[in-house]
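Just below is one structure, and these are the notes that go with it.
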Amino acid sequence: MRFGTKTAQTGLLVLCLALTVFSFFTVRNAAEDRSRAAFGALVTDSQDAFLARLKSYRQNLVGLGGLFVASEQVTKDDFALYAAQLRLDESMPAALGVGYLAPVARQALPAYLETARTDGAGRLEIWPDTGLDELFITKYYQEYEASTLQAGFDMASHDGCRAAAQLSRDSGAPQISPVQQPEGGVREFHLLLPVYRTGPPPETAAARRESFMGWVFAAFAGEQAFDRITATQSNLFHLRAYDASDTGARSLIYDSAEAGFDRTAAAFTATAQLEVMGRRWLLDWASTPEFDASQKDFTAAIILLAGAILTLLFWLLFRNTTRREADVNRKVAEVTSDLRNSEQENRAIVENARAGIVLVDGGQTVLGCNRAGLDMLGRDAADVVGRDLAELFPALDPSADSGIFEFDPMTKDGDAPERLTLEFQKSAWRAADGQARGMLILHDVSQEARAKAQIAETERRFDLAMKGAEIGVFDIDLTTGKSVVSDTWRQLMAVPLDDADFDTQANFLSRIHPEDYPALQAADAACLRGETERSVAQYRVKFSGDRWRWMRSAAVVVERDRAGAPLRMVGTQADITEEIRAQIKLKHSEERFRLIFSHAPVGNAVIDHMGNFILINDALTLLLGYSERELKEECRFRDFVSEEDLKNILTEVERCKADGIHALEVETELRRKDGTTCWGLMSLAWTLDEHTGEDIFILQVNDISEKQQVEHMKSVFVATVSHELRTPLTSIRGALAILDDSAGAELSSSGRRLLDIAQTNSDRLIELVNDILDLERIETGRLEFAFSKESARELMEEAQAQILPYASRLGIKVELNVPEDEDILVWCDRARIAQVFGNLVSNSCKFSKSGSTVTIDAQKEGKFVKFLVRDEGQGVPDSFRSNIFKPFSQADGTDTRQKGGTGLGLSIAKQLVERMGGKIGYDSVPNVETVFWFTTVLHDESLEDQSHVLGRMAMRV
């Protein structure tokens with residue numbers, strides 16, 4: 001069999017080369033697209049990170065502005081404390097400092113300077129002198145890094161800053177000033193946020209000017225603001241940032257590339273222009289050599305090399321085949337030149353036909369088959385010629401002249417490829433010698449068959465989806481008023497499925513609720529007129545037994561005539577009865593919630609982030625003496641608490657937010673409308689309002705005035721009793737000491753015994769009074785802590801020295817197990833730790849046998865240090881474990897009672913440890929070993945800078 005002409009061979013070689021080149025460029029372009037997409041993702045992350053950084057600046061300034069809104073007077077110390085509490089230098093990267101800017105008319109300048117001095121700002125020196133009538137004076141400024149700004153600076157002296165401040169004041173939006181770069185200094189920007197007495201900016205510019213107080217602002221370095229926005233910056237790409245706000249000009253602010261970086265050699269670049277906070281930023285990204293190297297792909301080169309090798313192999317095959325064919329053709333041409341020409345013409349026609357052609361004799365034996373037919377069979381010519389046609393095509397109907405049948409081709413190795421769908425035609429004739437001949441023409445229609453099957457499967461799945469979703473489909477002929485509907489529509493409407501003459505449109509219109517029909521007509525009419533894209537309506541449909549179910553339909557006009565008149569409308573219909581019932585239940589649930597909220601016996605309210613009341617119940621109005629209208633329209637939360645309590649509450653809220661806590665409970669004094677006060681236990685919780693993006697607060701207030709009165713009476717009683725007991729007890733102990741010194745040696749044994757009993761009992765009574773006073777101070781919040789950096793070794797040695805006299809009298813040995821490799825430092829109140837050690841070690845000595853050892857140990861556990869006191873005494877009874885840290889609790893039993901004690905030591909130790917941020921507990925195996933332990937915080941350098949804050953607020957008990 002001829003392999004092909006020289007032209008066909010050349011064409012096949014050209015085709016191989018073309019496919020190789022096409023594959024090379026396709027793979028290379030795909031690799032470039034992936035690299036470009038990867039670089040685009042880096043650019044998007046960088047841009048989003050920059051916008052997020054500016055947004056965080058704004059959020060921090062909103063919190064700082066809230067301090068001025070919530071306070072009638074903000075001193076310099078208040079401002080510095082609040083800025084330190086918020087840690088603005090950590091939450092605002094690149095910030096040089098934060099401050100407060102006040103607008104001052106020149107004629108009011110002397111009075112303002114006096115007020116500023118009263119507020120702690122000192123004697124402000126205004127600079128530079130601009131001569132303008134209005135000055136924008138920097139009243140407070142908390143500096144984090146070296147900056148050109150100082151208190152007293154008039155920001156109106158810079159035209160760009162003055163314009164940005166005025167625009168921020170009138171628009172209510174934050175503004176960033178133009179860049180400033182003093183000689184020898186860094187490029188600085190100023191982010192200004194206006195502060196209004198009303199909290200949120202009023203709606204009009206005039207109202208905003210009237211309510212305007214000043215600006216809170218942050219000064220930040222331009223270069224640092226763009227530095228390390230993302231982790232991949234400078235590793236995978238370099239970023240340049242420009243201030244392009246001025247028309248036709250741009251100023252380079254930041255360039256992450258080092259000197260010598262060639263941006264023109266970068267494989268990928270991108271630019272973006274952002275309008276953010278009054279400035280136009282031009283960002284320019286360029287990929288680094290590291291990124292370009294990581295994106296190199298050698299797949300295209302491999303494909304090119306493989307294609308070239310394959311083409312060369314084809315060329316060698318074609319050359320050898322051509323030579324063999326040339327030899328054969330020369331020999332045949334010598335004998336039958338005319339026959340060869342005719343045979344070549346017929347063969348060319350058959351071989352190059354796209355249809356498969358099989359030639360058979362009268363007995364249906366295959367005489368020949370073209371290349372297309374062999375490809376369909378998956379066999380060589382040698383395997384086909386001479387075989388019966390029915391054996392090759394078992395599914396072929398021998399009696400039919402045409403048709404379609406399924407066929408499973410075979411490959412040379414016996415594998416079965418994908419089944420084919422073949423269309424056939426038969427023809428028959430007799431040759432010149434009278435022998436019968438036949439021809440079978442085959443067309444591969446597999447793709448068409450698969451496409452039809454896919455369409456049928458898609459339609460089947462669509463029908464199943466519609467049935468599963470219970471969505472009916474209708475198609476209305478607007479010229480005849482008749483409709484064609486799906487089976488699911490018939491099922492929804494409970495009408496016959498197999499009645500082709502049933503008028504579905506008439507049935508539908510007759511069953512719509514009369515109250516809902518006009519709305520459906522109006523929606524359809526608007527859609528038909530082209531006023532709306534879709535006709536959407538909800539209505540009730542009647543079913544048997546006077547039942548009504550809710551339906552929702554959505555329809556569109558899919559065909560109009562040339563004049564625009566509607567011809568066809570297609571739509572869907574669904575049963576929404578359960579959805580409507582759920583909405584009704586939700587409405588009833590909301591009404592019940594409002595009823596419970598309004599009539600709750602405890603004061604309840606919902607407050608926005610500016611302190612305005614949103615919801616108020618009757619109990620709160622009764623407690624405060626205001627009407628609901630007055631609370632909503634005329635009052636804010638800060639009107640009912642003192643300024644100091646408000647500051648403490650706001651600080652605690654910020655601290656809880658930082659710790660991931662969403663609730664807070666405090667006791668505070670409330671001012672009523674009539675001027676009287678009452679005490680309230682205030683429970684405050686907060687959550688994010690999805691509509692405004694700000695927090696809303698849920699407030700619950702219990703009137704505890706009577707409880708406070710009882711607590712006050714108890715405090716007065718305890719103080720009076722303690723004073724009345726301590727004074728005579730001190731006198732008694734002194735008198736007994738004098739008696740012991742003067743006449744102790746002369747007393748008889750019984751007198752000596754009575755004197756010892758009197759001294760012991762007086763000491764126990766004084767210890768009891770002291771414990772009661774400590775417990776009372778803890779419960780009333782009057783016990784102060786003085787935190788400092790202390791050595792764990794020294795604390796343990798001090799505890800050992802303090803207990804030695806007592807332990808010696810009992811015959812107990814006290815040992816220390818101090819780590820020798822390092823001196824552990826803790827953050828605590830030294831006196832209170834000594835008190836805890838005294839209670840725990842004295843208890844261990846008290847309940848240990850004479851001759852035994854009490855050990856004091858220390859070990860690190862994460863951010864804490866764990867102190868342990870071990871003894872070999874009788875341990876803690878199981879019946880007493882749940883009460884061991886409760887006040888006035890002692891284990892039952894004669895032996896325990898003989899040891900004495902007030903039952904307050906462990907309770908006081910627990911309160912002190914927990915107030916210092918630690919935990920306390922014990923492990924006991926009776927008559928084997930008992931270990932009491934407590935933890936305290938490891939020293940952190942940052943805590944020393946905030947010791948005054950922790951002492952005043954977080955650690956006050």
Side-chain angles (χ1 to χ4, degrees), residues 1-5 8-9 12 15 19 314 317 321 324-325 328 339 342-464:
M1 179 178 179
R2 290 185 67 223
F3 191 88
T5 65
Q9 297 172 6
L12 188 56
L15 178 61
L19 288 175
F314 272 120
L317 176 63
T321 303
R324 288 196 299 269
E325 286 183 349
V328 173
L339 179 62
S342 176
E343 194 174 321
Q344 285 180 345
E345 290 177 1
N346 293 333
R347 182 173 296 174
I349 294 173
V350 173
E351 288 295 329
N352 293 313
R354 298 182 63 182
I357 300 175
V358 182
L359 183 65
V360 297
D361 60 13
Q364 299 298 302
T365 299
V366 177
L367 300 177
C369 181
N370 72 342
R371 172 56 58 187
L374 294 175
D375 290 340
M376 292 178 186
L377 286 166
R379 301 175 182 271
D380 293 332
D383 297 333
V384 173
V385 176
R387 300 183 67 175
D388 188 78
L389 185 65
E391 182 183 354
L392 294 176
F393 300 104
L396 180 66
D397 186 358
S399 62
D401 292 333
S402 63
I404 296 177
F405 66 95
E406 301 290 332
F407 175 67
D408 294 320
M410 295 295 293
T411 59
K412 294 181 180 179
D413 56 5
D415 294 334
E418 186 177 359
R419 170 172 288 193
L420 300 179
T421 302
L422 301 179
E423 183 180 15
F424 71 91
Q425 291 179 338
K426 291 180 180 178
S427 62
W429 73 92
R430 287 191 177 275
D433 56 3
Q435 295 184 7
R437 294 287 186 268
M439 180 180 292
L440 177 67
I441 302 176
L442 302 172
H443 295 275
D444 187 353
V445 294
S446 302
Q447 292 185 353
E448 292 84 346
R450 283 194 290 268
K452 291 179 181 179
Q454 288 177 355
I455 293 173
E457 177 65 16
T458 301
E459 291 178 350
R460 186 184 69 82
R461 291 181 179 178
F462 178 75
D463 291 339
L464 290 176

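Count residues from 1 along the sequence.
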key: side chain to side chain contact (heavy atoms under 4.5 Å, CB included) partners of Glu448, counting only residues at least two apart   = Val445
key: Pairs touching residues 389-400 that satisfy salt bridge (charged side-chain N to carboxylate O under 4.0 Å, His left out), sequence neighbours left out   = Arg387-Glu391
Is the shortest heavy-atom distance from the side chain of [X] to the side chain of [Y] under 4.5 Å?
X	Y	result
Leu389	Thr365	no
Asp388	Gln364	yes
Val360	Leu440	no
Met376	Val358	no
Leu422	Asp444	yes
Ile357	Met439	yes
Pro409	Leu420	yes

key: Closest heavy-atom pair and its distance - Cys369, Val384   = CB-CG1, 4.2 Å
task = For residues Gly373 and Asn370, report the shortest heavy-atom separation together with the two atoms involved.
result =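 The answer is N-OD1, 2.9 Å.
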ask   = Ignoring hydrogens and geometry, is there a side-chain-to-backbone donor-acceptor pair from Lys426 to Ile441 under 3.5 Å?
value =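 Absent.
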message = I'd like to check the salt bridge (Lys or Arg N to Asp or Glu O under 4.0 Å) partners of Arg419; sequence neighbours left out, ordered by chain and number.
response = Asp408
query = Any idea how Phe407 and Phe393 line up, ring-wise: parallel (<30°), tilted (30 to 60°), or perpendicular (>60°)?
reply = tilted
NE2 on His443 to CD1 on Ile404, rounded to 0.5 Å = 11.0 Å
note = Interatomic distance, CZ@Phe424 vs CG@Leu442, rounded to 0.5 Å, equals 9.0 Å
